[in-house]
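Okay, so here's the structure we're looking at.
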There are 2 protein chains.
Amino acid sequence: MKRFHEYKNPSLAVDLVVFGYHNNTLSVLLLNRKEAPFRDCWTLPGGFLQMEETFLYTCSRILQTKLGMDGVFLEQLYSFDDPDRDPRGRVIAVGYYALINPAKFQVVAGSMANDVKWFNVRKLPVLGFDHKQIFQQALQRLKSKILYYPVGFELLDDLFTITELHELYECILHTTIDRRNFRRKILDAEYVINTGMKREGLKNRHPELYKFNKQLKKNNFQINISTE
Amino acid sequence: MKRFHEYKNPSLAVDLVVFGYHNNTLSVLLLNRKEAPFRDCWTLPGGFLQMEETFLYTCSRILQTKLGMDGVFLEQLYSFDDPDRDPRGRVIAVGYYALINPAKFQVVAGSMANDVKWFNVRKLPVLGFDHKQIFQQALQRLKSKILYYPVGFELLDDLFTITELHELYECILHTTIDRRNFRRKILDAEYVINTGMKREGLKNRHPELYKFNKQLKKNNFQINISTE
DNA sequence: TTACTTCACGTTAAATTGACGCAATCAAAT
DNA sequence: ATTTGATTGCGTCAATTTAACGTGAAGTAA
């Protein structure tokens with residue numbers, strides 16, 4: 001019996017939407033390609049699946065070797081299968097998105113890229129391949145996910161203030177949320193634990209520092225905000 | 001330059017969770033395999049992706065040729081990539097689920113299967129491969145989806161009563177929902193349009209027949225029921 | 001001390017939900 | 001013809017949740 005992988009099969013790749021949050025801005029990490037196709041174009045980081053790898057492993061490998069990142073939140077998005085999505089041939093891409101705290105990593109362009117840069121998600125350049133579509137799906141997923149699942153803290157420092165969490169939500173959802181109602185929701189849901197410490201060195205009143213509540217029953221909370 | 005598909009790549013398959021609703025029961029279509037592996041075991045219908053096909057096309061082809069179904073609701077679920085999920089070699093499966101009205105189709109076992117049968121989703125036999133996992137993810141997706149997106153009608157006849165829709169929701173969510181509150185929600189959301197006709201031949205009061213409102217702003221409604 | 005800003009905690013009206021009540025409608029039994 | 005028993009369609013109301021906003025405390029800078 002002929003083994004399956006001796007037939008011709010499409011290639012398999014993962015494409016990564018790496019979100020970072022810094023200075024009140026949600027950003028995405030893009031590579032400037034050194035080689036055709038889409039030479040000198042901005043694209044999502046990605047790479048091919050090796051025969052023995054899982055997708056998650058491929059993602060980690062890419063994050064590690066191309067971007068020097070480790071131990072980050074990763075979630076599968078969707079599989080993109082347009083036969084013409086890659087001019088080199090049939091490549092099926094499985095999209096993943098990652099949430100990282102840019103303060104924890106220093107990104108460097110690997111050998112495949114001219115440049116690696118953070119781009120504000122509202123000011124993206126033209127992307128190669130079908131990466132615009134993958135990005136949009138990732139952003140949409142993130143927007144819905146933070147409303148019913150505590151992932152926001154993945155983008156922040158270990159200790160954060162309610163105001164910082166509030167600003168993160170406003171930034172991701174691209175809307176305004178009442179400060180006081182937000183605080184109440186987050187505290188009622190036991191999303192966070194008060195550490196008793198305060199953030200020092202600010203111009204005004206020093207806010208309390210919280211950490212994420214790891215014991216949180218994850219589907220116990222829901223923030224009702226119209227995703228517009 | 002070597003073309004990508006001349007490298008060895010994992011095989012790609014789709015596996016289908018076909019939901020049907022009949023006699024107040026949510027069912028799933030399973031095949032009894034004629035050949036190894038998992039000979040004489042029940043599995044989800046599935047098949048390999050041809051080089052030029054999209055996943056959706058593969059799904060349609062399988063539904064058409066193996067099950068005689070056409071023009072059904074299909075949605076991608078997730079990609080399953082455990083290297084050992086198929087004893088024949090590396091096969092990556094993209095899960096899809098379908099919603100069909102069993103009254104519209106007569107399923108027949110194709111050449112690959114000993115038998116094709118509907119199984120109550122609460123009384124499934126042991127499944128081959130990782131199909132239990134794929135099924136569970138599909139059921140979970142369906143349960144959350146019907147709360148914020150109008151897909152329930154895909155499982156019903158073109159004309160249906162509110163009570164029938166209500167029973168469908170209770171069956172899928174596996175819980176009880178207050179009849180009168182459910183009615184109000186569905187009507188307020190403009191989920192359905194009253195046709196003025198009534199279902200005749202019943203023992204008691206003849207209920208009004210509705211059809212799905214195709215003009216519905218799809219994210220305009222939300223049924224709040226604890227998915228437990 | 002005063003001015004100014006942010007933080008933490010309340011308050012209140014409006015909207016929504018959950019739990020029922022009840023009359024109208026139908027077929028079958030009396 | 002009337003009663004019985006079930007389902008359907010519409011309504012009520014208390015309890016809960018949400019949205020919008022007030023205010024004093026805590027901090028820095030003038």
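Letters A, B, ... are given to chains in the order of the sequence lines, protein chains preceding strands, and every chain is numbered from 1. FYI, side chains are in, hydrogens and waters are out, and symmetry mates aren't considered; it's all heavy atoms of this structure.
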ask   = Passes side-chain hydrogen bond (donor to acceptor under 3.5 Å, both in side chains), Asp188(B) versus Tyr191(B)? Steps please.
value = CA-CA 8 Å; Asp188(B) 286 356; Tyr191(B) 190 111; over 6 Å; no

ask   = Nearest nucleotide by nearest heavy atom, which residue falls closer to the 5' end of DNA chain C, Arg205(A) or Asp178(A)?
value = Arg205(A)

inquiry  = Reading DNA chain D from 5' to 3', where do the contacts with chain A start and stop? Cut-off is 4.0 Å to heavy atoms.
reply    = dT18(D) to dT28(D)

request  = May I ask you to check whether over 12 heavy atoms, not counting those of Phe38(B), lie within 6.0 Å of atom CZ?
outcome  = yes

remark   = Whichever of Arg180(A) and Arg183(B) has the more 5' nearest nucleotide on DNA chain D, that residue is Arg183(B)

Positional range of nucleotides in DNA chain C within the contact set of chain A, heavy-atom, under 4.0 Å = dT5(C) to dG10(C)

message = Students often get this wrong, so: under 4.0 angstrom with heavy atoms, is Thr163(A) touching a base, only sugar-phosphate, or nothing?
response = sugar-phosphate

message = Any donor-acceptor pair under 3.5 Å linking the side-chain atoms of Asn114(A) with those of Asn32(A)?
response = yes

query = Considering heavy-atom distances to DNA chain D, does Arg184(A) or Asn181(B) have its closest nucleotide positioned more toward the 5' end?
reply = Asn181(B)

message = Classify the ring geometry of Phe135(B) against Phe19(B): parallel below 30°, tilted from 30° to 60°, perpendicular beyond 60°.
response = tilted

request  = Look at Asp178(B) together with Arg184(B) and state whether they make a salt bridge at an N to O cut-off of under 4.0 Å.
outcome  = no

inquiry  = Taking the six-membered ring for Trp, are Phe160(B) and Phe153(B) closer than 6.0 Å centroid to centroid?
reply    = no

inquiry  = Between Leu99(B) and Tyr21(B), is there a side-chain heavy-atom distance shorter than 4.5 Å?
reply    = no

message = Any side-chain to backbone donor/acceptor pair from Asn101(A) onto Ala103(A)? Under 3.5 Å, distance only.
response = yes

key: Toward the 5' end of DNA chain C, by each residue's nearest nucleotide, Leu187(A) or Leu202(B)   = Leu187(A)

